[in-house]
Amino acid sequence: AQSVTQLGSHVSVSEGALVLLRCNYSSSVPPYLFWYVQYPNQGLQLLLKYTTGATLVKGINGFEAEFKKSETSFHLTKPSAHMSDAAEYFCAVSGRGDDKIIFGKGTRLHILP
Amino acid sequence: GAGVSQSPSNKVTEKGKDVELRCDPISGHTALYWYRQSLGQGLEFLIYFQGNSAPDKSGLPSDRFSAERTGGSVSTLTIQRTQQEDSAVYLCASSLNGPDTGELFFGEGSRLTVL
């Protein structure tokens, strides 16, 4: 079975500062990992995903995430926050051979001017 | 259509009534998911359909919840004898294949309010 834990339901960063959103997963098989974003009053959209290959994954809008098997983590980062990054971010996991995708509870990112 | 379409967008019902929520996925997408989104709970997995395989119903919270997918396309989520705790946004998503080959495309959701 798979599960996801997102640390911090709310994170606030200043505009221009580093964004770090934490995600730890549990999976009994090699995982596929995802980050989705939900902007205010919009549907969810994929930011980035890890399936195989390079463990550092780059996504849209300057975000990236690194799969660390030893730490069972897939933290999301962006070097410099922009006001338009304010949204809710969801980490998700799926196990190979089990296509069910399990989402975390989400982290709402606030950008301070 | 161009995206995943869900209806109704809003539904207000009385406790004890049955409701049906509809999802029309992107044409050609074989995988279809239902999730429930409520405040502070993130996205709760409900059920997953893939092609002609038996659906994964492991996330359905009780036997009051059921879903079907006809002809590998449109899906209906039915909640019988609704309770106030069923109030949430029900999201449908589809993908071309499994998660290793594609991303989930989400609909705008159906907001259910049970009075």
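These numbers come from the heavy atoms of this one structure, side chains and all, not from hydrogens, waters or symmetry mates. Convention: sequence-line order gives letters A, B, ...; per-chain numbering from 1.
- Linking Ile, Leu, Val, Met, Phe, Trp and Tyr residues whenever their side-chain heavy atoms come within less than 4.5 Å leaves B:L21 and B:I26 in two separate clusters.
- Judged purely by distance below 3.5 Å, without hydrogens or angles, the side chains of B:Q37 and A:Q38 pair a donor atom with an acceptor atom.
- Among the candidates A:L44, A:T52, A:I102, the residue making the largest number of heavy-atom pairs closer than 4.5 Å to chain B is A:L44.
- Hydrophobic clustering (side-chain heavy atoms under 4.5 Å, transitive across Ile, Leu, Val, Met, Phe, Trp, Tyr) groups B:L112 together with B:L60.
- Annotation for B:S58 and A:K100: closest pair OG-NZ, 3.0 Å, computed over non-hydrogen atoms.
- Of the two parts of B:Q41, the backbone and the side chain both hold a non-hydrogen atom closer than 4.5 Å to a non-hydrogen atom of chain A.
- The CZ atom of B:F45 lies 10.0 Å from the OG atom of A:S94; values are rounded to the nearest 0.5 Å.
- Between atom CZ of residue A:F103 and atom CG of residue B:L104 there is a gap of 5.5 Å, rounded to the nearest 0.5 Å.
- Among the candidates B:Y35, B:F105, B:F106, the single residue satisfying the ring pair (Phe, Tyr, Trp, His ring centres under 6.0 Å) test with A:Y36 is B:F106.
- Linking Ile, Leu, Val, Met, Phe, Trp and Tyr residues whenever their side-chain heavy atoms come within less than 4.5 Å leaves B:L32 and B:V89 in two separate clusters.
- Under the 4.5 Å side-chain heavy-atom criterion for Ile, Leu, Val, Met, Phe, Trp and Tyr, A:F90 and A:L21 are members of the same hydrophobic cluster.
- Residue B:L115 is not grouped with residue B:V19 when hydrophobic side chains (ILVMFWY) are merged at heavy-atom distances under 4.5 angstrom, including chains of intermediate members.
- Annotation: B:E14, atom CD; neighbour count of heavy atoms from other residues, nucleotides and ligands within 6.0 Å does not exceed 12.
- Using a 4.5 Å cut-off between heavy atoms, B:I47 makes no contact with chain A at all.
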